[in-house]
Amino acid sequence: MNIESALAADIQAVLKDLYGLDQGPKLDQTRPEFEGDFTLVVFPYLRASQRGPEETAQQIGEALLERSSLIASFNVIKGFLNLVIQSGNWGAFLEQHWDQDRFGFGTPKTEKVMVEYASPNTNKPLHLGHMRNNFLGYSLAQLFKAGGYDVVMANLINDRGIHICKSMLAWQRFGNGETPESSGLKGDHLVGKYYVVFENALREQSGPAIEAALQGQFQHENQVVQTRYNQAWTKLQEAKEEKQIAKIKDDIKELVRNQSELMLACQSMLRDWEAGDAETLALWKTMNGWVYEGFDSTWKRMGVSFDKFYYESDTYTLGKDLIQEGLDKGVFYLKEDGSVWIDLRDDGLDEKLVQRGDGTSVYITQDIGTAQLKYEEFAVDRSIYVVGNEQDYHFKVLFLIMERLGRSYAKGMYHASYGMVDLPSGKMKSREGTVVDADDLLQEMVDAARETTEALGKTDGLPQEELNALYESLALSALKFFILKVDPKKRMLFNPAESIDFQGDTGPFVQYSHARIRSILRSAPADWTQAPEAEEAMSETEINLLKTLAQFPDTVNQACLQYSPALVAQFLLDLAKAFNRVYNEHSFLKETNASLMKRRLKMASMTAHALRNALNLLGIQAVERM
RNA sequence: GACCCCAUAGCUCAGCUGGAUAGAGCAUCUGCCUUCUAAGCAGACGGUCACAGGUUCGAGUCCUGUUGGGGUCGCCA
């Protein structure tokens with residue numbers, strides 16, 4: 001039991017004795033301007049004590065001083081009872097944990113957790129938005145592992161559909177047999193290139209027709225298409241609001257675009273794919289293969305990994321049996337055209353389509369099926385989906401559906417929703433070429449790390465291989481820390497110029513603190529643990545370091561509960577700062593008192609463990625020197 | 001139009017389930033390396049917590065409304 005919870009237990013007993021209250025007290029850290037370690041706010045107990053705030057605080061303080069061996073003294077300011085911990089307790093805390101490798105981690109639990117993240121489309125290379133997803137997902141998985149859970153990291157790859165066919169068609173027509181080998185391009189970038197080629201060709205091909213259609217000129221042999229256009233055109237004439245006009249124009253553009261020769265060929269290719277056409281499948285496999293090779297190297301470089309891959313080409317037909325089950329149970333209902341719906345208006349949502357009139361799946365149909373599949377394969381108690389917040393509504397619907405279908409695992413489903421990454425210029429838009437490519441960004445960061453490190457010259461003499469690994473680690477820690485220290489739920493701004501900063505509240509700052517400790521420990525005399533225990537009182541900065549360390553277990557716990565690696569990042573900054581203050585104020589190896597040296601080295605060692613463990617929770621490898 | 005999320009220092013962000021005089025980093029300015037890693041430490045400057053009400057002994061935090069920003073409401077995924 002740690003000091004804080006032991007103290008809380010003592011206070012609870014006192015409150016029961018004095019006022020007959022039976023509730024756990026809430027303790028705060030005492031603000032630095034006051035004397036004390038923990039503060040109890042007594043306002044909530046005034047009713048029970050029948051006294052004023054100061055008197056109540058005094059009374060509780062006196063009773064506590066008598067009862068608890070933890071307390072050295074107390075002081076009362078208004079309704080605040082500041083408690084000073086017997087300094088010996090901090091020594092005992094240090095003694096107990098300084099050499100514990102897994103300090104802060106939870107005890108093993110039987111609960112099984114699946115974290116699904118990454119989940120890319122196979123038509124474009126990864127970009128900055130994916131990186132936030134990947135870093136969050138991997139970190140959440142590490143957090144739950146640290147919390148003692150059995151974790152499966154899953155990746156559901158969207159490897160089929162019209163967007164994949166676009167790349168395939170463009171390559172077929174304009175590729176001249178280009179391959180990653182022949183072009184020297186990374187596979188995912190090569191396929192992405194043809195996706196862009198397709199979009200450009202499509203724009204060229206359908207541009208004039210769109211222009212004409214927006215002027216009211218559109219002729220099509222298909223009567224249905226013609227009617228839809230005519231209706232839209234009529235609406236456009238009547239529309240007054242700017243927003244509405246833009247929407248109708250978009251509809252018309254899409255209608256015309258979909259009738260272009262390229263789009264028709266693309267749709268035909270998708271039908272061939274679904275029919276199992278050998279040639280189409282072969283091309284699909286080849287090009288997806290290139291993409292996977294590219295993704296694998298990017299994931300590896302980003303330091304993320306997966307235990308299980310799902311592919312939409314396998315799962316896109318799933319869920320139909322559950323649709324039938326839902327119809328039988330009366331959870332879903334049929335419309336005249338044969339489409340299947342669920343009415344979620346009781347839960348404040350809308351009616352939602354779950355299967356098309358022709359019996360084919362929509363997005364959510366697959367998700368229903370995949371949820372069931374995950375449960376059957378892994379018996380997961382908790383299933384976490386790391387997906388952007390633009391899908392908040394979708395997951396609300398999905399989880400409600402699973403609940404209404406009576407799935408026991410529905411309550412364990414959670415959408416780890418995160419905000420978009422904005423650039424100083426605004427939203428990333430692939431059409432405007434403002435996306436930040438993952439591979440480019442990684443390389444820029446590595447180059448920056450090398451330049452900074454070389455300029456400082458502290459690593460001279462290390463073998464090149466080690467240096468390269470160091471640059472990778474430092475670059476990654478800067479990037480991951482920059483992204484993970486922000487509350488996942490909030491949208492965040494990524495300024496490429498500033499993110500490369502290695503000073504202040506950054507990953508390299510934490511790494512630096514760790515490397516500095518490791519350097520001390522490497523140079524420590526072999527027999528330092530032999531010295532007698534120190535009797536001297538600790539300084540305030542030393543106690544502050546131990547207080548910060550003591551918060552690690554609770555931080556891990558809270559980070560799991562809130563699905564927020566940001567809490568760990570903030571803790572890392574607190575801890576590194578707390579240590580750096582001690583470092584600045586006291587000596588370690590230069591300390592002439594052997595007992596004090598021993599105590600400080602224990603603190604250094606414990607801090608290094610905690611830093612390394614917490615960094616690992618963010619998916620960052622701690623470096624030994626820098 | 002309906003619903004969801006967000007708004008804290010010039011900039012980027014913390015602020016735990018309501019608690020004392022709202023905190024960091026960057027930027028600007030001042031100090032500290034012949035001593036264990038200065039990617040560090042210490043200090044200064046900088047705030048009507050978007051606005052208006054309300055609940056409370058106490059509100060950046062909870063409720064209502066307003067404004068501003070983003071998202072969703074596709075038989076796209």
Side-chain angles (χ1 to χ4, degrees), chain A residues 26 28-31 33-34 39 41-44 46 53 77-80 82 119 121 158 160-163 243 251 254 312 316 337 339 348-350 352-358 360-364 366-367 388-394 396 417 419-420 422 424 427 449 452-453 455-456 458-459 474 478 482 485-487 489-495 498-499 501-513 515-524 551 554-555 558 561-562 564 566-567 569-570 573-574 576-577 580-581 583-591 597 600 604 625-626:
Chain A
K26 179 179 173 268
D28 295 316
Q29 304 277 325
T30 302
R31 290 174 147 267
E33 59 267 34
F34 300 105
T39 295
V41 182
V42 302
F43 287 106
L46 297 189
I77 296 167
K78 292 188 279 184
F80 300 89
N82 298 322
S119 305
N121 291 349
N158 183 0
R160 63 165 286 280
I162 197 79
H163 50 289
K243 258 181 149 179
D251 287 349
E254 194 178 344
E312 252 192 55
Y316 82 108
D337 63 355
S339 59
L349 306 179
D350 276 324
K352 177 86 185 170
L353 177 104
V354 294
Q355 186 174 286
R356 292 189 188 108
D358 62 5
T360 55
S361 302
V362 290
Y363 179 39
I364 203 150
Q366 301 174 36
D367 270 2
N389 63 8
E390 69 272 17
Q391 294 197 41
D392 284 355
Y393 185 81
H394 170 78
K396 265 189 206 167
S417 167
M420 287 193 178
D422 286 330
K427 249 182 99 167
T452 305
T453 309
L456 289 170
K458 294 180 199 170
T459 50
L474 285 177
F482 186 88
K485 78 166 191 232
V486 181
D487 182 346
K489 290 192 286 293
K490 296 190 181 169
R491 58 190 298 135
M492 64 175 290
L493 186 90
F494 184 88
N495 188 334
E498 285 171 14
S499 64
D501 218 338
F502 292 161
Q503 272 152 23
D505 287 355
T506 63
F509 164 72
V510 177
Q511 292 278 27
Y512 175 77
S513 308
R516 195 192 229 173
I517 297 174
R518 296 300 306 157
S519 167
I520 293 174
L521 294 173
R522 273 196 303 274
S523 318
Q551 284 163 16
D554 191 50
T555 301
Q558 280 297 320
L561 286 174
Q562 297 181 36
S564 176
L567 299 182
Q570 294 296 333
L573 292 174
D574 287 344
K577 284 177 192 171
N580 286 339
R581 275 196 286 273
Y583 179 88
N584 201 253
E585 195 175 299
H586 301 287
S587 298
F588 289 78
L589 302 178
K590 301 277 177 184
E591 173 59 59
M597 184 205 272
R600 299 222 176 96
R625 63 190 86 212
M626 64 187 276

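Below, chains carry the letters A, B, ... as their sequence lines are ordered, and counting in each starts from 1.
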Report the nucleotide, chosen from B:A20, B:C57, B:C75, that has the shortest atom-to-atom distance to any side-chain atom of A:Ile77. B:A20

Within this structure, what is the CD-to-C1' distance between A:Gln511 and B:G40, rounded to whole angstrom? 15 Å

Test A:Asp28 against A:Lys26 for salt bridge (Lys or Arg N to Asp or Glu O under 4.0 Å), laying out the working first. CA-CA 7 Å; A:Asp28 295 316; A:Lys26 179 179 173 268; 3.3 Å; yes

The contact string for nucleotides 7-17 of chain B, one letter per nucleotide 5' to 3', using protein heavy atoms under 4.0 Å with B, S and - for base, sugar-phosphate only and none, comes out as S----SSS-BB

Can you figure out which of B:A24, B:U37, B:A20 approaches the side chain of A:Lys577 most closely? B:A24

Is the base of B:C33 syn or anti, where syn means the angle lies within 90° of 0? syn

Taking the P atom in each of B:A44 and B:C62, what is the distance between them to the nearest angstrom? 32 Å

Counting only N and O atoms by type, is there a donor-acceptor contact under 3.5 Å from the side chain of A:Asn580 to the main-chain atoms of A:Ala576? yes

Span that lies between the C1' atom of B:C51 and that of B:G69, in whole angstrom: 15 Å

For the side chain of A:Glu254, counting heavy atoms from C-beta on, which of B:G40, B:C4, B:G74 is nearest? B:G74

Taking B:C63 as the reference, what is the distance to B:C45 when you measure between their P atoms (whole Å, please)? 36 Å

Pairs counted only when both distances fall under 3.5 Å, Watson-Crick or G-U: show me the 5' to 3' dot-bracket for RNA chain B, [ ] for pseudoknotted crossings and | for other-strand partners. (((((((..((((.....[...)))).(((((.......))))).....(((((..]....))))))))))))....

For A:Tyr512 and A:Phe502, what are the C-alpha separation, side-chain angles and deciding distance, and is it a ring pair (Phe, Tyr, Trp, His ring centres under 6.0 Å)? CA-CA 10 Å; A:Tyr512 175 77; A:Phe502 292 161; over 10 Å; no

Closest to the A:Arg581 side chain: B:A20, B:A77, B:A42? B:A42

Go through B:C4, B:C75, B:C36 for me and flag the one nearest to the A:Lys590 side chain. B:C36

If you only use heavy atoms from C-beta on, which nucleotide in B:U37, B:A20, B:C73 is closest to the side chain of A:Asp350? B:C73

P atoms of B:C4 and B:G65, separation to the nearest Å: 10 Å

Is any side-chain N or O of A:Tyr363 closer than 4.0 Å to OP1 or OP2 of B:C75? no

Name the nucleic acid region contacted by A:Phe502, choosing base, sugar-phosphate or nothing; use a 4.0 angstrom heavy-atom cut-off, strictly under. base

If you measure from the C1' atom in B:U28 to the same atom in B:A9, how many Å do you get, rounded? 13 Å

When you compare the ring of A:Tyr583 with the six-membered ring of B:G40's base, are the centres less than 5.5 Å apart and the planes under 30° from each other? no

Just how far, in rounded Å, is P of B:C75 from CZ of A:Arg356? 9 Å

At less than 4.0 Å, is any side-chain N or O atom of A:Ser519 found next to OP1 or OP2 of B:U37? Yes or no. yes

When all nucleic acid strands are considered with a 4.0 Å heavy-atom cut-off, which category describes A:Thr453: base, sugar-phosphate, or nothing? base

Flag the pair A:Arg522 / A:Ser519 as yes when at least one side-chain heavy-atom distance between them is below 4.5 Å, and no otherwise. yes

Quickly work out the A:Leu573 CG to B:C26 C1' distance and round it to whole Å. 13 Å

Have a look at A:Pro44 and say if it touches a base, only the backbone sugar-phosphate, or nothing, with a 4.0 Å heavy-atom cut-off. base

Atom pairs, N/O to N/O, protein against nucleotides 27-33 of chain B, distance under 3.5 Å?
none

From B:A77, B:A20, B:C36, pick the nucleotide closest to the side chain of A:Ser587? B:C36

Shortest side-chain distance from A:Ile520, nucleotide among B:A38, B:A77, B:C36: B:C36

Please state the C1' separation for the pair B:A42 and B:C5 - nearest whole angstrom. 40 Å

Under 4.0 Å between any heavy atoms, over every strand shown, what does A:Gln355 touch: base, sugar-phosphate, or nothing? Just pick one. nothing

From the candidates B:G25, B:C36, B:A77, the one with an atom nearest any side-chain atom of A:Phe588 is B:C36

With a 4.0 Å limit, can you tell me whether A:Asn158 has a side-chain N or O closer than that to the phosphate oxygens OP1/OP2 of B:A77? no

Take the angle between the ring planes of A:Phe80 and A:Phe43 and call it parallel below 30°, perpendicular above 60°, tilted in between. perpendicular

Integer-rounded Å distance: B:G40 P and A:Glu585 CD: 19 Å

With rounding to whole Å, what would you report as the distance between B:A24 and B:U64 at their P atoms? 33 Å

Can you see if the side chain of A:Arg31 gets near the phosphate of B:U21 - specifically, an N or O under 4.0 Å from OP1 or OP2? no

Which one, B:A38, B:C4, B:A20, comes nearest to the side chain of A:Arg516? B:A38

Any side-chain N or O of A:Lys427 under 4.0 Å from OP1/OP2 of B:G71? yes

Students often get this wrong, so: under 4.0 angstrom with heavy atoms, is A:Thr39 touching a base, only sugar-phosphate, or nothing? base

Distance between the P atoms of B:U55 and B:A27, in whole angstroms? 46 Å

